[in-house]
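Report on the following structure.
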2 protein chains.
Amino acid sequence: MDKTRILLVEDDMNLGSLLKEYLIAKGFDTNLQVDGAKGLLAFKREHFDLCILDVMMPVKDGFTLAKDIRIMDPEIPYIFLTAKYMKTDILKGFNLGADDYIIKPFSMEELLLRIEAILRRTTKSSNQETFLVGNFIFDTNKQLLTKKDAEPIKLTTKESDLLKLLCQYSNQVLERNYALKAIWKDDSYFNARSMDVYITKLRKHLKSEPGIQIINVHGKGYKLIRE
Amino acid sequence: MDKTRILLVEDDMNLGSLLKEYLIAKGFDTNLQVDGAKGLLAFKREHFDLCILDVMMPVKDGFTLAKDIRIMDPEIPYIFLTAKYMKTDILKGFNLGADDYIIKPFSMEELLLRIEAILRRTTKSSNQETFLVGNFIFDTNKQLLTKKDAEPIKLTTKESDLLKLLCQYSNQVLERNYALKAIWKDDSYFNARSMDVYITKLRKHLKSEPGIQIINVHGKGYKLIRE
DNA sequence: AATCACTGTTAATGTGTGTTAACCCGCATA
DNA sequence: TATGCGGGTTAACACACATTAACAGTGATT
(Lines give C-alpha, C1' and ligand atoms only; values in the text may rest on other atoms or scores of the structure.)
Protein backbone atom coordinates (compact mmCIF):
# COMPACT_ATOMS: atom_id res chain seq x y z
CA MET A 1 0.00 0.00 0.00
CA ASP A 2 1.16 3.47 -0.79
CA LYS A 3 1.73 6.43 1.52
CA THR A 4 -1.18 8.12 3.22
CA ARG A 5 -1.69 11.58 1.80
CA ILE A 6 -2.27 14.40 4.28
CA LEU A 7 -3.45 17.92 3.53
CA LEU A 8 -2.05 20.23 6.19
CA VAL A 9 -3.38 23.80 6.23
CA GLU A 10 -1.67 26.09 8.71
CA ASP A 11 -0.89 29.79 8.40
CA ASP A 12 1.91 29.85 10.95
CA MET A 13 4.84 28.94 8.74
CA ASN A 14 7.07 27.99 11.64
CA LEU A 15 4.64 25.49 13.02
CA GLY A 16 3.49 24.45 9.54
CA SER A 17 6.84 23.53 8.10
CA LEU A 18 7.87 21.85 11.32
CA LEU A 19 4.75 19.70 11.28
CA LYS A 20 5.16 18.95 7.61
CA GLU A 21 8.72 17.82 8.13
CA TYR A 22 7.71 15.67 11.05
CA LEU A 23 4.82 14.03 9.20
CA ILE A 24 7.00 13.36 6.17
CA ALA A 25 9.59 11.79 8.45
CA LYS A 26 6.82 9.57 9.80
CA GLY A 27 6.03 8.36 6.31
CA PHE A 28 3.09 10.53 5.33
CA ASP A 29 2.93 12.25 1.98
CA THR A 30 2.22 15.75 3.25
CA ASN A 31 1.09 18.85 1.41
CA LEU A 32 1.30 22.12 3.35
CA GLN A 33 -0.87 25.10 2.40
CA VAL A 34 -0.85 28.43 4.20
CA ASP A 35 -4.49 29.48 4.02
CA GLY A 36 -7.93 28.05 3.47
CA ALA A 37 -8.26 29.25 -0.10
CA LYS A 38 -4.97 27.63 -1.11
CA GLY A 39 -5.97 24.54 0.83
CA LEU A 40 -9.18 24.28 -1.15
CA LEU A 41 -7.32 24.58 -4.44
CA ALA A 42 -4.93 21.85 -3.38
CA PHE A 43 -7.86 19.64 -2.46
CA LYS A 44 -9.46 20.15 -5.86
CA ARG A 45 -6.22 19.27 -7.56
CA GLU A 46 -5.14 16.20 -5.65
CA HIS A 47 -6.51 13.34 -3.65
CA PHE A 48 -6.01 13.18 0.11
CA ASP A 49 -6.74 10.67 2.85
CA LEU A 50 -6.79 13.04 5.83
CA CYS A 51 -6.95 16.78 6.48
CA ILE A 52 -5.35 18.67 9.34
CA LEU A 53 -6.78 22.17 9.46
CA ASP A 54 -5.89 25.15 11.57
CA VAL A 55 -9.02 26.97 12.67
CA MET A 56 -7.76 30.54 12.74
CA MET A 57 -6.44 31.43 9.32
CA PRO A 58 -6.54 34.41 6.97
CA VAL A 59 -8.59 34.41 3.75
CA LYS A 60 -10.59 31.31 4.62
CA ASP A 61 -10.71 29.80 8.10
CA GLY A 62 -10.52 26.12 8.88
CA PHE A 63 -14.23 25.64 9.46
CA THR A 64 -15.23 27.24 6.17
CA LEU A 65 -12.63 25.17 4.40
CA ALA A 66 -13.94 22.01 6.05
CA LYS A 67 -17.45 22.80 4.84
CA ASP A 68 -16.23 23.14 1.27
CA ILE A 69 -14.17 19.98 1.43
CA ARG A 70 -17.09 18.11 2.88
CA ILE A 71 -19.23 18.84 -0.16
CA MET A 72 -16.60 17.36 -2.42
CA ASP A 73 -15.70 14.39 -0.25
CA PRO A 74 -18.12 13.64 2.58
CA GLU A 75 -16.04 10.72 3.85
CA ILE A 76 -12.63 12.26 4.45
CA PRO A 77 -11.61 12.54 8.11
CA TYR A 78 -10.19 15.73 9.55
CA ILE A 79 -8.49 17.07 12.63
CA PHE A 80 -8.75 20.70 13.71
CA LEU A 81 -5.93 22.60 15.33
CA THR A 82 -6.79 25.56 17.52
CA ALA A 83 -4.78 27.95 19.60
CA LYS A 84 -7.50 28.85 22.01
CA TYR A 85 -9.49 26.55 24.16
CA MET A 86 -12.86 27.71 22.98
CA LYS A 87 -15.69 25.42 23.82
CA THR A 88 -17.92 26.77 21.11
CA ASP A 89 -15.15 26.18 18.60
CA ILE A 90 -14.80 22.59 19.63
CA LEU A 91 -18.52 22.09 19.45
CA LYS A 92 -18.66 23.72 16.04
CA GLY A 93 -15.79 21.60 14.81
CA PHE A 94 -17.22 18.31 15.91
CA ASN A 95 -20.59 19.18 14.47
CA LEU A 96 -18.87 19.79 11.16
CA GLY A 97 -17.79 16.18 11.33
CA ALA A 98 -14.35 16.60 12.82
CA ASP A 99 -12.72 13.38 13.88
CA ASP A 100 -10.48 15.01 16.39
CA TYR A 101 -9.52 18.30 17.88
CA ILE A 102 -6.15 19.33 19.21
CA ILE A 103 -5.41 22.39 21.29
CA LYS A 104 -2.14 24.21 20.77
CA PRO A 105 0.41 23.83 22.07
CA PHE A 106 0.41 20.09 21.56
CA SER A 107 3.14 17.51 21.27
CA MET A 108 3.80 16.22 17.77
CA GLU A 109 3.86 12.75 19.17
CA GLU A 110 0.31 13.13 20.38
CA LEU A 111 -0.80 14.45 17.02
CA LEU A 112 0.81 11.47 15.35
CA LEU A 113 -0.96 9.06 17.68
CA ARG A 114 -4.29 10.72 17.05
CA ILE A 115 -3.71 10.56 13.30
CA GLU A 116 -2.97 6.88 13.56
CA ALA A 117 -6.03 6.25 15.70
CA ILE A 118 -8.21 7.82 13.04
CA LEU A 119 -6.53 6.06 10.16
CA ARG A 120 -6.91 2.76 11.95
CA ARG A 121 -10.68 3.21 11.69
CA THR A 122 -10.69 4.78 8.28
CA THR A 123 -8.33 2.77 6.13
CA LYS A 124 -9.19 -0.71 5.13
CA SER A 125 -7.59 -3.89 6.27
CA SER A 126 -3.98 -4.59 5.51
CA ASN A 127 -2.07 -6.07 2.62
CA GLN A 128 -4.29 -8.84 1.46
CA GLU A 129 -2.50 -11.53 -0.52
CA THR A 130 -5.48 -13.23 -2.12
CA PHE A 131 -8.79 -11.89 -3.32
CA LEU A 132 -12.05 -13.39 -4.43
CA VAL A 133 -12.91 -12.06 -7.86
CA GLY A 134 -16.24 -13.52 -8.92
CA ASN A 135 -15.62 -17.27 -8.89
CA PHE A 136 -11.90 -16.80 -9.32
CA ILE A 137 -9.41 -16.92 -6.52
CA PHE A 138 -6.79 -14.33 -7.31
CA ASP A 139 -3.41 -15.11 -5.80
CA THR A 140 -1.34 -11.95 -6.00
CA ASN A 141 1.89 -13.75 -5.18
CA LYS A 142 1.57 -16.56 -7.66
CA GLN A 143 -0.12 -14.19 -10.14
CA LEU A 144 -2.81 -16.77 -10.75
CA LEU A 145 -6.56 -16.66 -11.36
CA THR A 146 -7.94 -20.03 -10.29
CA LYS A 147 -11.45 -21.38 -10.69
CA LYS A 148 -12.96 -24.76 -10.00
CA ASP A 149 -12.94 -27.13 -12.96
CA ALA A 150 -10.92 -24.78 -15.09
CA GLU A 151 -7.35 -24.28 -16.13
CA PRO A 152 -5.76 -21.52 -13.97
CA ILE A 153 -5.00 -18.31 -15.82
CA LYS A 154 -1.45 -17.06 -15.47
CA LEU A 155 -1.24 -13.31 -15.17
CA THR A 156 1.77 -11.28 -16.18
CA THR A 157 3.34 -9.06 -13.54
CA LYS A 158 1.67 -5.92 -14.81
CA GLU A 159 -1.72 -7.60 -15.11
CA SER A 160 -1.39 -8.88 -11.59
CA ASP A 161 -0.24 -5.58 -10.10
CA LEU A 162 -3.09 -3.73 -11.74
CA LEU A 163 -5.72 -6.24 -10.70
CA LYS A 164 -4.41 -6.17 -7.16
CA LEU A 165 -4.79 -2.40 -7.00
CA LEU A 166 -8.29 -2.67 -8.43
CA CYS A 167 -9.17 -5.28 -5.82
CA GLN A 168 -7.85 -3.11 -3.01
CA TYR A 169 -10.07 -0.31 -4.27
CA SER A 170 -13.12 -2.51 -4.92
CA ASN A 171 -16.18 -0.43 -5.69
CA GLN A 172 -14.15 2.74 -5.37
CA VAL A 173 -12.34 4.71 -8.00
CA LEU A 174 -8.75 3.68 -8.55
CA GLU A 175 -7.27 6.88 -9.86
CA ARG A 176 -5.21 6.74 -13.02
CA ASN A 177 -2.38 8.82 -11.61
CA TYR A 178 -2.25 6.75 -8.49
CA ALA A 179 -2.11 3.44 -10.33
CA LEU A 180 0.42 4.76 -12.82
CA LYS A 181 2.74 5.96 -10.09
CA ALA A 182 2.28 2.74 -8.15
CA ILE A 183 2.95 0.41 -11.09
CA TRP A 184 4.68 2.37 -13.83
CA LYS A 185 6.43 4.86 -11.49
CA ASP A 186 5.51 7.60 -13.91
CA ASP A 187 2.26 8.99 -15.23
CA SER A 188 3.27 9.86 -18.77
CA TYR A 189 0.92 9.71 -21.73
CA PHE A 190 2.28 6.44 -23.05
CA ASN A 191 2.16 4.72 -19.71
CA ALA A 192 -1.44 5.80 -19.45
CA ARG A 193 -2.18 4.17 -22.80
CA SER A 194 -0.31 1.10 -21.69
CA MET A 195 -2.54 0.93 -18.65
CA ASP A 196 -5.61 1.07 -20.89
CA VAL A 197 -4.28 -1.93 -22.78
CA TYR A 198 -3.96 -3.83 -19.52
CA ILE A 199 -7.48 -2.89 -18.52
CA THR A 200 -8.63 -4.49 -21.76
CA LYS A 201 -6.63 -7.61 -20.98
CA LEU A 202 -8.08 -7.87 -17.48
CA ARG A 203 -11.60 -7.38 -18.82
CA LYS A 204 -11.04 -10.28 -21.18
CA HIS A 205 -9.83 -12.51 -18.38
CA LEU A 206 -12.83 -11.58 -16.24
CA LYS A 207 -15.53 -11.61 -18.88
CA SER A 208 -16.66 -15.06 -17.71
CA GLU A 209 -17.68 -13.51 -14.38
CA PRO A 210 -21.03 -11.77 -14.71
CA GLY A 211 -20.82 -10.17 -11.27
CA ILE A 212 -17.49 -8.54 -12.02
CA GLN A 213 -16.94 -5.47 -14.08
CA ILE A 214 -14.22 -2.92 -14.58
CA ILE A 215 -15.84 0.36 -15.43
CA ASN A 216 -14.23 3.60 -16.44
CA VAL A 217 -14.76 6.81 -14.51
CA HIS A 218 -14.18 9.46 -17.09
CA GLY A 219 -11.15 11.60 -16.43
CA LYS A 220 -10.48 9.87 -13.11
CA GLY A 221 -9.68 6.21 -13.44
CA TYR A 222 -11.25 2.78 -13.12
CA LYS A 223 -13.54 1.01 -10.71
CA LEU A 224 -13.78 -2.72 -10.06
CA ILE A 225 -17.43 -3.50 -9.45
CA ARG A 226 -18.36 -6.61 -7.52
CA GLU A 227 -21.77 -7.54 -6.26
CA MET B 1 -31.21 1.62 14.89
CA ASP B 2 -30.95 0.44 18.46
CA LYS B 3 -29.26 2.32 21.27
CA THR B 4 -25.49 2.32 21.34
CA ARG B 5 -24.22 0.30 24.27
CA ILE B 6 -21.36 1.80 26.26
CA LEU B 7 -19.24 0.08 28.87
CA LEU B 8 -18.00 2.66 31.35
CA VAL B 9 -15.36 1.55 33.83
CA GLU B 10 -14.44 4.15 36.46
CA ASP B 11 -13.50 3.65 40.10
CA ASP B 12 -14.38 7.15 41.24
CA MET B 13 -18.05 6.66 42.04
CA ASN B 14 -18.82 10.38 41.98
CA LEU B 15 -17.49 10.86 38.51
CA GLY B 16 -18.72 7.46 37.37
CA SER B 17 -22.33 7.86 38.26
CA LEU B 18 -22.38 11.41 36.97
CA LEU B 19 -21.02 10.29 33.63
CA LYS B 20 -23.39 7.35 33.49
CA GLU B 21 -26.35 9.60 34.14
CA TYR B 22 -25.20 12.05 31.49
CA LEU B 23 -24.63 9.37 28.87
CA ILE B 24 -28.01 7.78 29.56
CA ALA B 25 -29.61 11.21 29.22
CA LYS B 26 -27.88 11.48 25.84
CA GLY B 27 -29.47 8.24 24.70
CA PHE B 28 -26.71 5.71 25.30
CA ASP B 29 -27.36 2.43 27.03
CA THR B 30 -24.64 2.70 29.66
CA ASN B 31 -23.23 0.10 32.02
CA LEU B 32 -21.01 1.39 34.83
CA GLN B 33 -18.45 -0.88 36.50
CA VAL B 34 -16.10 0.18 39.28
CA ASP B 35 -12.95 -1.75 38.49
CA GLY B 36 -11.21 -3.58 35.67
CA ALA B 37 -12.12 -7.06 36.85
CA LYS B 38 -15.83 -6.22 37.08
CA GLY B 39 -15.56 -4.44 33.76
CA LEU B 40 -14.19 -7.59 32.15
CA LEU B 41 -17.01 -9.69 33.59
CA ALA B 42 -19.56 -7.27 32.24
CA PHE B 43 -17.92 -7.41 28.82
CA LYS B 44 -18.05 -11.19 28.81
CA ARG B 45 -21.71 -11.10 29.74
CA GLU B 46 -23.02 -8.47 27.36
CA HIS B 47 -22.34 -6.90 24.01
CA PHE B 48 -21.00 -3.36 23.79
CA ASP B 49 -20.33 -0.90 21.01
CA LEU B 50 -17.85 1.35 22.80
CA CYS B 51 -15.72 1.28 25.95
CA ILE B 52 -14.76 4.22 28.14
CA LEU B 53 -12.04 3.12 30.54
CA ASP B 54 -10.35 4.92 33.38
CA VAL B 55 -6.63 4.19 33.38
CA MET B 56 -5.92 4.27 37.13
CA MET B 57 -8.12 1.69 38.80
CA PRO B 58 -7.79 -0.84 41.60
CA VAL B 59 -7.73 -4.62 40.94
CA LYS B 60 -7.22 -4.28 37.20
CA ASP B 61 -6.17 -1.06 35.50
CA GLY B 62 -7.63 0.31 32.27
CA PHE B 63 -4.77 -0.78 30.04
CA THR B 64 -4.84 -4.36 31.25
CA LEU B 65 -8.58 -4.43 30.83
CA ALA B 66 -8.25 -3.05 27.30
CA LYS B 67 -5.80 -5.81 26.42
CA ASP B 68 -8.25 -8.44 27.62
CA ILE B 69 -11.17 -6.87 25.81
CA ARG B 70 -9.12 -6.62 22.64
CA ILE B 71 -8.63 -10.34 22.54
CA MET B 72 -12.36 -10.87 22.64
CA ASP B 73 -13.30 -8.09 20.27
CA PRO B 74 -10.45 -6.59 18.24
CA GLU B 75 -12.75 -4.11 16.54
CA ILE B 76 -14.39 -2.35 19.44
CA PRO B 77 -13.36 1.29 19.86
CA TYR B 78 -12.33 2.67 23.24
CA ILE B 79 -11.57 5.93 24.94
CA PHE B 80 -9.22 6.19 27.92
CA LEU B 81 -9.74 8.59 30.78
CA THR B 82 -6.73 9.65 32.78
CA ALA B 83 -6.21 12.04 35.64
CA LYS B 84 -2.60 12.79 34.94
CA TYR B 85 -1.09 14.14 31.81
CA MET B 86 1.43 11.40 31.34
CA LYS B 87 2.91 11.22 27.91
CA THR B 88 3.93 7.62 28.30
CA ASP B 89 0.40 6.78 29.32
CA ILE B 90 -1.04 8.39 26.24
CA LEU B 91 1.46 6.64 24.06
CA LYS B 92 0.72 3.32 25.70
CA GLY B 93 -2.98 3.87 25.31
CA PHE B 94 -2.87 4.69 21.65
CA ASN B 95 -0.59 1.78 20.98
CA LEU B 96 -3.17 -0.44 22.57
CA GLY B 97 -5.53 0.74 19.89
CA ALA B 98 -7.26 3.54 21.73
CA ASP B 99 -9.45 5.70 19.58
CA ASP B 100 -9.24 8.66 21.84
CA TYR B 101 -7.79 9.87 25.06
CA ILE B 102 -9.22 12.41 27.46
CA ILE B 103 -7.42 14.09 30.30
CA LYS B 104 -9.31 14.84 33.49
CA PRO B 105 -10.81 17.19 34.22
CA PHE B 106 -12.76 17.31 30.98
CA SER B 107 -16.14 18.66 30.02
CA MET B 108 -18.85 16.07 29.52
CA GLU B 109 -19.84 17.86 26.39
CA GLU B 110 -16.41 17.26 24.92
CA LEU B 111 -16.54 13.61 25.86
CA LEU B 112 -19.89 13.33 24.13
CA LEU B 113 -18.57 14.95 20.97
CA ARG B 114 -15.58 12.63 20.93
CA ILE B 115 -17.84 9.63 21.39
CA GLU B 116 -19.96 10.77 18.49
CA ALA B 117 -16.92 11.38 16.29
CA ILE B 118 -15.75 7.83 16.88
CA LEU B 119 -19.17 6.28 16.36
CA ARG B 120 -19.52 8.21 13.12
CA ARG B 121 -16.50 6.34 11.76
CA THR B 122 -17.30 3.04 13.37
CA THR B 123 -20.92 2.53 12.47
CA LYS B 124 -21.41 1.93 8.81
CA SER B 125 -22.19 4.97 6.75
CA SER B 126 -25.77 4.96 5.55
CA ASN B 127 -24.52 5.82 2.10
CA GLN B 128 -27.24 4.50 -0.16
CA GLU B 129 -25.96 2.72 -3.24
CA THR B 130 -29.17 2.06 -5.14
CA PHE B 131 -32.35 4.03 -5.62
CA LEU B 132 -35.75 3.30 -7.07
CA VAL B 133 -36.51 5.83 -9.78
CA GLY B 134 -39.96 5.11 -11.17
CA ASN B 135 -39.70 1.57 -12.48
CA PHE B 136 -35.97 1.88 -12.85
CA ILE B 137 -33.48 0.56 -10.37
CA PHE B 138 -30.63 3.03 -10.30
CA ASP B 139 -27.33 1.46 -9.29
CA THR B 140 -24.97 4.30 -8.46
CA ASN B 141 -21.96 2.01 -8.41
CA LYS B 142 -22.51 0.38 -11.74
CA GLN B 143 -23.96 3.59 -13.15
CA LEU B 144 -26.91 1.67 -14.52
CA LEU B 145 -30.63 2.28 -14.91
CA THR B 146 -32.29 -1.11 -15.03
CA LYS B 147 -35.92 -1.92 -15.72
CA LYS B 148 -37.71 -5.23 -16.16
CA ASP B 149 -37.87 -6.47 -19.74
CA ALA B 150 -35.68 -3.70 -21.03
CA GLU B 151 -32.09 -3.15 -21.94
CA PRO B 152 -30.28 -1.43 -19.04
CA ILE B 153 -29.26 2.15 -19.71
CA LYS B 154 -25.60 2.90 -19.08
CA LEU B 155 -25.07 6.30 -17.53
CA THR B 156 -21.89 8.29 -17.90
CA THR B 157 -20.06 9.26 -14.72
CA LYS B 158 -21.44 12.79 -14.69
CA GLU B 159 -24.99 11.64 -15.42
CA SER B 160 -24.75 9.14 -12.61
CA ASP B 161 -23.26 11.57 -10.11
CA LEU B 162 -25.94 14.13 -10.83
CA LEU B 163 -28.80 11.65 -10.66
CA LYS B 164 -27.44 10.34 -7.38
CA LEU B 165 -27.50 13.82 -5.87
CA LEU B 166 -31.01 14.38 -7.18
CA CYS B 167 -32.13 11.10 -5.63
CA GLN B 168 -30.56 12.01 -2.30
CA TYR B 169 -32.52 15.25 -2.39
CA SER B 170 -35.76 13.68 -3.68
CA ASN B 171 -38.65 16.12 -3.54
CA GLN B 172 -36.32 18.77 -2.19
CA VAL B 173 -34.38 21.41 -4.02
CA LEU B 174 -30.91 20.36 -5.03
CA GLU B 175 -29.13 23.68 -5.19
CA ARG B 176 -27.07 24.50 -8.23
CA ASN B 177 -24.07 25.69 -6.26
CA TYR B 178 -24.07 22.64 -4.10
CA ALA B 179 -24.27 20.21 -6.99
CA LEU B 180 -21.63 22.12 -8.91
CA LYS B 181 -19.20 22.03 -6.01
CA ALA B 182 -19.90 18.39 -5.33
CA ILE B 183 -19.53 17.21 -8.93
CA TRP B 184 -17.65 19.87 -10.84
CA LYS B 185 -15.64 21.15 -7.83
CA ASP B 186 -16.30 24.66 -9.00
CA ASP B 187 -19.38 26.75 -9.70
CA SER B 188 -18.35 28.72 -12.74
CA TYR B 189 -20.71 29.85 -15.48
CA PHE B 190 -19.63 27.16 -17.92
CA ASN B 191 -19.93 24.37 -15.42
CA ALA B 192 -23.42 25.59 -14.67
CA ARG B 193 -24.31 25.35 -18.38
CA SER B 194 -22.74 21.93 -18.47
CA MET B 195 -25.00 20.89 -15.64
CA ASP B 196 -28.04 22.07 -17.58
CA VAL B 197 -26.98 19.85 -20.45
CA TYR B 198 -26.86 16.90 -18.08
CA ILE B 199 -30.27 17.71 -16.72
CA THR B 200 -31.58 17.47 -20.27
CA LYS B 201 -29.87 14.12 -20.71
CA LEU B 202 -31.33 12.75 -17.49
CA ARG B 203 -34.80 13.96 -18.45
CA LYS B 204 -34.50 12.04 -21.71
CA HIS B 205 -33.49 8.88 -19.90
CA LEU B 206 -36.38 9.23 -17.49
CA LYS B 207 -39.08 10.37 -19.90
CA SER B 208 -40.51 6.83 -19.95
CA GLU B 209 -41.35 7.18 -16.25
CA PRO B 210 -44.57 9.16 -15.81
CA GLY B 211 -44.17 9.42 -12.04
CA ILE B 212 -40.73 10.95 -12.30
CA GLN B 213 -39.89 14.51 -13.17
CA ILE B 214 -36.93 16.81 -12.81
CA ILE B 215 -38.27 20.29 -12.38
CA ASN B 216 -36.40 23.55 -12.25
CA VAL B 217 -36.62 25.86 -9.28
CA HIS B 218 -35.86 29.21 -10.78
CA GLY B 219 -32.66 30.74 -9.49
CA LYS B 220 -32.12 27.90 -7.02
CA GLY B 221 -31.63 24.54 -8.66
CA TYR B 222 -33.51 21.37 -9.53
CA LYS B 223 -35.91 19.06 -7.80
CA LEU B 224 -36.51 15.37 -8.52
CA ILE B 225 -40.22 14.78 -8.12
CA ARG B 226 -41.44 11.28 -7.40
CA GLU B 227 -44.93 10.27 -6.47
C1' DA C 1 -44.65 45.57 -22.65
C1' DA C 2 -39.71 45.66 -22.20
C1' DT C 3 -35.75 43.97 -20.29
C1' DC C 4 -32.54 40.90 -18.37
C1' DA C 5 -31.12 36.92 -16.27
C1' DC C 6 -32.04 32.13 -16.15
C1' DT C 7 -33.04 27.73 -18.45
C1' DG C 8 -33.82 24.09 -22.43
C1' DT C 9 -31.96 21.96 -26.21
C1' DT C 10 -29.07 20.65 -30.02
C1' DA C 11 -24.87 20.33 -32.13
C1' DA C 12 -19.76 21.09 -32.67
C1' DT C 13 -15.30 20.49 -30.63
C1' DG C 14 -11.53 18.45 -28.26
C1' DT C 15 -9.97 15.20 -25.25
C1' DG C 16 -10.33 10.57 -23.02
C1' DT C 17 -10.94 5.64 -23.66
C1' DG C 18 -11.40 0.73 -26.03
C1' DT C 19 -9.35 -2.25 -28.83
C1' DT C 20 -6.40 -4.57 -32.12
C1' DA C 21 -2.19 -5.27 -33.98
C1' DA C 22 2.47 -4.23 -34.85
C1' DC C 23 6.68 -3.58 -32.69
C1' DC C 24 10.68 -3.88 -29.42
C1' DC C 25 13.60 -6.13 -26.27
C1' DG C 26 15.47 -9.45 -23.04
C1' DC C 27 15.86 -14.13 -22.27
C1' DA C 28 16.12 -18.99 -22.82
C1' DT C 29 16.96 -22.54 -26.03
C1' DA C 30 19.14 -24.61 -29.81
C1' DT D 1 25.23 -16.60 -32.98
C1' DA D 2 20.74 -17.43 -34.44
C1' DT D 3 15.74 -18.37 -33.20
C1' DG D 4 11.50 -18.11 -30.98
C1' DC D 5 8.84 -16.66 -27.13
C1' DG D 6 6.81 -13.89 -23.50
C1' DG D 7 6.07 -9.55 -21.60
C1' DG D 8 5.54 -4.99 -22.34
C1' DT D 9 5.07 -0.68 -25.22
C1' DT D 10 3.65 2.08 -29.12
C1' DA D 11 0.66 3.07 -33.07
C1' DA D 12 -3.58 3.63 -35.21
C1' DC D 13 -8.38 3.92 -35.59
C1' DA D 14 -13.04 4.10 -33.83
C1' DC D 15 -15.95 5.64 -30.50
C1' DA D 16 -17.59 7.85 -25.99
C1' DC D 17 -17.69 11.68 -22.88
C1' DA D 18 -17.57 16.43 -21.22
C1' DT D 19 -17.50 21.03 -22.42
C1' DT D 20 -18.58 24.90 -25.11
C1' DA D 21 -21.25 27.50 -28.39
C1' DA D 22 -25.36 29.04 -30.31
C1' DC D 23 -30.01 30.00 -30.32
C1' DA D 24 -34.63 29.51 -28.56
C1' DG D 25 -37.65 29.84 -24.84
C1' DT D 26 -39.19 31.10 -19.97
C1' DG D 27 -39.67 33.63 -15.62
C1' DA D 28 -39.10 37.62 -12.86
C1' DT D 29 -39.05 42.58 -12.42
C1' DT D 30 -39.94 47.12 -13.76
Side-chain angles (χ1 to χ4, degrees), chain A residues 44 140 142-145 151-166 173-207 212-225, chain B residues 142-145 151-166 173-207 212-225:
Chain A
K44 284 179 186 171
T140 59
K142 293 183 189 161
Q143 306 182 187
L144 237 48
L145 277 176
E151 192 65 14
I153 300 172
K154 277 189 72 172
L155 299 181
T156 72
T157 309
K158 285 258 149 71
E159 285 174 344
S160 176
D161 288 353
L162 185 53
L163 183 54
K164 183 176 179 183
L165 275 186
L166 284 166
V173 183
L174 169 64
E175 287 181 49
R176 275 197 111 82
N177 285 347
Y178 181 85
L180 285 170
K181 280 184 210 155
I183 301 177
W184 279 265
K185 313 297 176 204
D186 198 332
D187 59 349
S188 72
Y189 167 79
F190 285 118
N191 285 339
R193 297 320 324 273
S194 201
M195 178 168 158
D196 291 338
V197 173
Y198 278 92
I199 290 290
T200 300
K201 289 176 180 178
L202 289 179
R203 281 177 177 149
K204 275 183 189 162
H205 287 138
L206 297 174
K207 71 169 176 291
I212 297 294
Q213 236 179 317
I214 301 173
I215 68 167
N216 172 256
V217 180
H218 194 94
K220 298 235 170 55
Y222 293 94
K223 200 151 95 168
L224 179 76
I225 308 279
Chain B
K142 292 185 187 161
Q143 307 180 185
L144 236 49
L145 277 176
E151 192 65 13
I153 299 172
K154 278 185 73 171
L155 300 181
T156 72
T157 308
K158 285 260 148 73
E159 286 173 345
S160 176
D161 288 353
L162 184 53
L163 183 54
K164 183 177 180 184
L165 276 186
L166 284 166
V173 182
L174 169 63
E175 286 183 48
R176 278 196 108 83
N177 283 347
Y178 183 86
L180 285 170
K181 280 187 204 164
I183 300 177
W184 279 266
K185 312 293 180 205
D186 205 327
D187 59 349
S188 73
Y189 167 78
F190 284 120
N191 286 338
R193 297 320 324 274
S194 203
M195 178 169 158
D196 291 338
V197 173
Y198 279 93
I199 290 290
T200 299
K201 289 177 179 176
L202 289 180
R203 281 177 177 150
K204 274 183 190 163
H205 286 136
L206 298 174
K207 71 170 177 287
I212 297 295
Q213 236 179 317
I214 300 173
I215 67 165
N216 173 256
V217 181
H218 196 89
K220 297 243 166 49
Y222 293 94
K223 204 161 65 165
L224 179 76
I225 308 279

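Hydrogens, waters and symmetry mates are skipped; everything else that's a heavy atom, side chains included, is used. Proteins come first, then strands; the chains are lettered A, B, ... in the order of their sequence lines, and each starts at number 1. As the structure is a computational prediction, the values presented were derived from the model and not from experiment.
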In whole Å, I'd like the distance from the [atom1] atom of [X] to the [atom2] atom of [N].
X      : N      : atom1 : atom2 : answer
A:I214 : C:dT19 : CD1   : P     : 10 Å
A:I199 : C:dT20 : CD1   : C1'   : 17 Å
B:L174 : C:dT7  : CG    : C1'   : 15 Å
B:Q213 : C:dG8  : CD    : P     : 12 Å
A:K220 : C:dG16 : NZ    : C1'   : 13 Å
A:F190 : C:dG16 : CZ    : C1'   : 15 Å
A:R176 : C:dG16 : CZ    : C1'   : 8 Å
A:N177 : C:dT17 : CG    : P     : 10 Å

For this session: Shoot me the first and last contacting nucleotide of DNA chain D against chain B, ordered 5' to 3', at under 4.0 angstrom to non-hydrogen atoms.
Result: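 With heavy atoms of chain B under 4.0 Å away, the range is D:dC17 to D:dA28.
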Problem set entry | Degree of bending, the helix from C:dA1-D:dT30 to C:dA30-D:dT1 (end axes from five pairs; round to 10°) |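 Angle reported: 20°, given to the nearest ten degrees.
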Which value, rounded to the nearest 0.5 Å, describes the distance between [X] atom [atom1] and [Y] atom [atom2]?
X      : Y      : atom1 : atom2 : value
B:Q143 : A:K223 : CD    : NZ    : 5.5 Å
B:L166 : B:L202 : CG    : CG    : 6.5 Å
A:K181 : A:N191 : NZ    : CG    : 12.5 Å
B:L165 : B:L224 : CG    : CG    : 11.5 Å

Exercise. Under 4.0 Å: is that the gap between some side-chain N or O of A:Y222 and OP1 or OP2 of C:dG18?
Worked result: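 Yes.
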Exercise. Under 4.0 Å: is that the gap between some side-chain N or O of A:T200 and OP1 or OP2 of C:dG18?
Worked result: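 No, A:T200 has no side-chain N/O under 4.0 Å of OP1/OP2 on C:dG18.
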For this session: Would you mind classifying the nucleic acid contact of B:S194 as base, sugar-phosphate or nothing, using non-hydrogen atoms under 4.0 angstrom?
Result: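 Base contact.
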Exercise. Touch check for A:K154, heavy atoms < 4.0 angstrom, all strands: base, sugar-phosphate only, or nothing?
Worked result: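 It contacts nothing in the nucleic acid.
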For this session: Applying salt bridge (charged side-chain N to carboxylate O under 4.0 Å, His left out), name anything that partners A:D161, two or more places apart in sequence or on another chain.
Result: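 Here no residue qualifies.
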Problem set entry | Any donor-acceptor N/O pair under 3.5 Å between C:dG8 base and B:R193 side chain |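 Yes, a donor-acceptor pair under 3.5 Å.
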For this session: Please determine which of B:I214, B:V217, B:I215 meets the side chain to side chain contact (heavy atoms under 4.5 Å, CB included) test together with B:Y222.
Result: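 One option only clears the test, and that one is B:I214.
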Problem set entry | A:K201 side chain near A:K158 side chain, heavy-atom distance below 4.5 Å |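 They are not in side-chain contact.
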Exercise. Does A:K44 reach the main-chain N or O of B:K185 with its side chain, forming a donor-acceptor pair under 3.5 Å?
Worked result: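 Such a contact is found between A:K44 side chain and B:K185 backbone.
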Exercise. Under 3.5 Å, is there a donor-acceptor pair between the side chain of B:N216 and the main chain of B:G221?
Worked result: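 Yes, the answer is positive, given that a donor and an acceptor are paired below the 3.5 Å cut-off.
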Problem set entry | Among C:dT9, C:dT7, C:dT17, the nucleotide that comes nearest once only the side chain of B:N216 is considered |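 The closest nucleotide is C:dT7.
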